[in-house]
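What follows is one structure encoded as structure tokens, with my remarks underneath.
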There are 2 protein chains.
Amino acid sequence: MEEKEISQAVIGRLPRYLRYLGELKDEGIERVSSQELSDIMQTTASQIRQDLNTFGGFGQQGYGYNVGYLYDEIRKILGLDREHRLIIVGAGHLGQALVNYTNFERRGFIFRGIFDCDPGICEKTIRGIEVRPMEQMADFIRENDIDIAVLAIPKNSAVEVAKKLADCGIKGIWNFAHVDLPVPEHIQVENVHLSDSLMKLSYNISSSQEESRTSGKVDGNGQNR
Amino acid sequence: MEEKEISQAVIGRLPRYLRYLGELKDEGIERVSSQELSDIMQTTASQIRQDLNTFGGFGQQGYGYNVGYLYDEIRKILGLDREHRLIIVGAGHLGQALVNYTNFERRGFIFRGIFDCDPGICEKTIRGIEVRPMEQMADFIRENDIDIAVLAIPKNSAVEVAKKLADCGIKGIWNFAHVDLPVPEHIQVENVHLSDSLMKLSYNISSSQEESRTSGKVDGNGQNR
DNA sequence: AAATTCTTGTCAATCAATTGACACAACCCG
DNA sequence: CGGGTTGTGTCAATTGATTGACAAGAATTT
């Protein structure tokens, strides 16, 4: 009933919690306190408790959190307790690399189809999945109950394809094209703008070098406070 | 002289400004006001002015911003006015896809070398760049004045390789491995955690569906139920 | 079984980011 | 060349996110 909008800042941290909890689980550790977890993850105990409490009380006073239970709860929150069916649009290098990355499947993200506008690539097969022509995409999405489309195509055709995807009722788009997609609000877009990320790195490198120059800082494993 | 730490939130928006300014430039538009730009970019004029002013006054009252000038200034801020030399570590599907993505080169990020621990892949060539064994990496970095290492290897070996990279004086790591890298502070790390990104998408899909269910909202063009 | 320790959930305080408001500089039109 | 208009740079207000503090519940020890 209560509509308390949950911030993307919190959501963005959940996968990281999940990762560390998974590691603890693998090590056979059954319980963990927010303090211990924050030490491992280099964050504050307060933030962990605050974040988790956004979704309800998963811990127990005097005990901490049960690793397995918390892990499962976060999985559920993230919607990883069910299967997601994906298609890849764009069978170029990146599209192929994503199909070949099997870890997504382990998390329940199943690649069902691959589409490309180049007829030359079609009828090829990537990891057992046939590459189909774009014309078949709309029907395929509807017939196979596809959740998510991965957009791995050049920017100039991305907007057009996104519109088409929106029309056949896709729920989310994982966008690797270097444009912002103007889609209706009920469709979720998650952007992976690789060049933006690389530019951020470039900035941070440049600015850290400037800093050490102006302050006469030494680099290396050497230490100047 | 003045050390006013610039927030990553601002840095993160600069590449997007650059992208839109580039488009305006291509359209032959010479001047733009913060208001116009914010309309196009779906943000607030205030934020644009605030962001730009972090780095100094690029605009002129009564006129706005000169597109070409602002574009160049942001490029400089991001450190894109000089060449960056990169190596790829890991010649798997992802590593290959990144090498084949020529847009990075257009921005001044030049791939100089590729390294892999699998001797079978070595001596192969990707886009004219020879794949070398890991043993040669340290020397190669020093001899070719490499800035940035792209880490496209499985998580279990990533930390170890990152340490090695740190030792040979790399300045930044573009990390595609699904781990946090414990490197010295003077080395910049930019993480691209693809599965985290996909999980966020999964969350947003799940939560938007819940919302429309509980509030009886209709979807998109359409009508659900 | 009581006392002590531990650690959550939560509220308050601080810190950071975004938005709004406006003085004033530069432009443009007549 | 002067008056009206535009639009920046900046400061203040607001909103949001993170951190700190602590009461109270549960576990563990004696």
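Below, chains carry the letters A, B, ... as their sequence lines are ordered, and counting in each starts from 1.
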Take atom CG of A:Asn66 and atom P of C:dT8, then tell me their distance rounded to the nearest Å. 13 Å
Value for OH (A:Tyr101) from CG (B:Leu94), rounded to nearest 0.5 Å, stands at 8.5 Å
Non-hydrogen side-chain atoms of A:Ile88 and A:Phe111 separated by less than 4.5 Å: yes
Which residues pass the salt bridge (Lys or Arg N to Asp or Glu O under 4.0 Å) test with B:Asp72, sequence neighbours left out? none
Side-chain ion pair, B:Asp147 and B:Arg82, N-O less than 4.0 Å: yes
If we only count heavy atoms from C-beta on, is the B:Val192 to B:Asn175 side-chain gap below 4.5 Å? no
Could you check if a side-chain atom of B:Phe109 sits within less than 4.5 angstrom of a side-chain atom of B:Leu80, using non-hydrogen atoms only? yes
Rounded to the nearest Å, what distance is computed from the CD atom of residue A:Glu30 to the C1' atom of nucleotide D:dA27? 16 Å
In terms of side-chain heavy atoms, does A:Tyr71 have a donor or acceptor partner in A:Asn66 at a distance below 3.5 Å? no
Please list, pair by pair, any protein nitrogen or oxygen found under 3.5 Å from a nitrogen or oxygen in nucleotides 12-19 of chain D.
residue, atom, partner, partner atom, Å
D:dT18, OP1, A:Arg13, NH1, 2.9
D:dT18, OP2, A:Arg13, NH1, 3.3
D:dT18, OP2, A:Arg13, NH2, 2.8
D:dT18, O5', A:Gln47, NE2, 3.4
D:dT19, OP2, A:Thr44, OG1, 3.2
D:dT19, O4, A:Gln50, NE2, 2.7

For a quick check, with a 4.0 angstrom heavy-atom cut-off, what is the B/S/- contact string for nucleotides 1-9 of chain D, read 5' to 3'? -----BBBB
Run B:Glu160 and B:Lys163 through salt bridge (Lys or Arg N to Asp or Glu O under 4.0 Å) and show every step you take. CA-CA 5 Å; B:Glu160 185 199 339; B:Lys163 274 184 191 137; over 6 Å; no
